Amino acid sequence: MLIGTFIMLGLMRILAALPLKVHYAFGRFLSWFLKNVMRYRRDVVMINLSRSFPEKKYDELSKIADEFYKHFGRLIAEAVWFGGCRNPERLHRQRIVEYSNIDGFDKAYAESKGIVALYSHLGNWELMGGCASYDYREGGHLPDGLDPNDVVFVYKPLKSKMWDEIMRLNRCAPVLRIGYNSYVSSEDFLRYAVKNRNRKLVVNVNTDQSPYKNSTVDDTVDFMGQKTKTMLGAASIACKFGWTVLYSSMVPTGKGHYVWRFTEITRDASTMTPHEIMQEYYRLLQADIEAYPWCYLWSHKRWKR
């Protein structure tokens with residue numbers, strides 16, 4: 001595994017050094033190949049779209065699917081390019097992501113015991129590891145008192161240990177130089193949160209996934225017109241500690257550019273139940289999907305029957 005990891009990392013580092021426009025050219029080819037040659041999860045995409053938008057005709061759904069595959073190719077191209085951003089100046093020059101309401105986030109952080117930011121498979125979540133580099137205000141910086149290692153990203157481990165390590169290094173590329181160590185497995189998240197409950201953390205959790213098979217909690221909400229099982233872990237911890245909960249979304253405004261925005265769900269999660277938080281999270285996510293239907297991960301088997 002070590003040899004394979006070393007070889008793949010070397011190849012990805014070489015590819016990542018190429019300009020973003022070269023990656024987009026590759027992304028266009030990849031989109032075509034996945035859609036027309038491999039027919040990658042074509043049935044899953046169309047089933048998810050038809051159940052989520054029952055009012056739309058087949059031609060409309062097919063157009064959304066075509067745009068999804070184009071977005072999927074760009075997403076992968078951007079993710080590979082991102083792995084070469086060991087120098088934050090590369091991110092600044094490209095301005096691939098910028099915040100829409102960073103002042104509101106600063107205020108929420110200053111007034112909170114901690115923050116849980118719930119994000120999803122909308123836009124390009126693989127770019128979130130550059131969060132400290134997307135503030136373009138003069139003298140832009142993290143909020144006072146917020147250390148980069150206080151910004152926690154919770155991830156779901158991959159079955160392949162080799163690819164799990166490769167993705168860790170790719171997603172954390174801009175902060176590896178400072179010894180970033182707050183990339184936390186979802187399996188260890190509860191222990192991590194309890195152990196660090198006295199630190200003022202900003203915990204980012206991708207929350208639109210299916211619960212683990214061994215989950216003992218059976219919580220469902222209505223999402224895209226379908227009964228959807230929820231992951232309550234992050235919301236439950238926020239409720240226990242009285243942290244602020246934000247809905248975090250990264251929406252596209254053109255090729256090579258996303259806007260990252262935060263919507264407050266509650267300033268004190270102890271005043272809500274985990275179920276209420278998840279209901280509001282999915283309501284906000286559905287509104288974004290309806291506005292940008294092609295940039296959600298429709299190939300994901302989210303609704304298991």
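Numbers here are sequence positions counted from 1. Every value quoted in this text rests on a predicted model; they were computed, and no experiment measured them.
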Dump the intermediate steps for side-chain hydrogen bond (donor to acceptor under 3.5 Å, both in side chains) on Arg90 and Asn87, then the final yes or no.
-> CA-CA 6 Å; Arg90 194 184 194 208; Asn87 181 347; over 6 Å; no

Does the Arg302 side chain pair with the main chain of Ser299, one donor and one acceptor, at a distance under 3.5 Å?
->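 Checking the backbone N and O of Ser299 against the side chain of Arg302, no donor-acceptor pair under 3.5 Å is found.
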
Do we see a donor-acceptor contact under 3.5 Å between the side chains of Glu78 and Tyr258?
->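 Judged by distance alone, the side chains do pair up.
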
Among side-chain atoms of Trp260 and Ser248, is any donor-acceptor pair under 3.5 angstrom?
->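 Short answer, yes.
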
Regarding Lys21 and the six-membered ring of Tyr24, is the cationic atom NZ or CZ under 6.0 Å from the ring centre and inside 45° of its axis?
->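 Verdict for Tyr24: no cation-pi partner in Lys21.
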
Please say whether the positively charged group of Lys35, taken as NZ for Lys or CZ for Arg, lies over the ring of Tyr40, i.e. under 6.0 angstrom from the six-membered ring centre and within 45 degrees of the axis.
->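 No - Lys35 does not lie over the ring of Tyr40 by the 6.0 Å and 45° rule.
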
Are the charged groups of Lys161 and Glu165 less than 4.0 angstrom apart, N to O?
->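 No, Lys161 and Glu165 are not salt-bridged.
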
Which one of Trp294, Tyr292, Trp298 satisfies the ring-ring contact (aromatic ring centres under 6.0 Å, His included) criterion with His71?
->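 The option that passes is Trp294.
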
Any side chain to side chain donor-acceptor pair (under 3.5 Å) involving residues 236-247? Give me the pairs, sequence neighbours left out, ordered by first then second residue.
->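 Found Ser112-Thr244, Tyr247-Asp288.
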
Atom CZ of Arg13: over 12 foreign heavy atoms under 6.0 Å |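 No, not enclosed.
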
Salt bridge (charged side-chain N to carboxylate O under 4.0 Å, His left out) involving Arg95 - partner list, sequence neighbours excluded |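 Result, salt bridge (charged side-chain N to carboxylate O under 4.0 Å, His left out) vs Arg95: Glu98.
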
Arg261/Tyr99 under side-chain hydrogen bond (donor to acceptor under 3.5 Å, both in side chains): CA gap, chis, key distance, verdict | CA-CA 6 Å; Arg261 64 192 183 200; Tyr99 295 111; over 6 Å; no

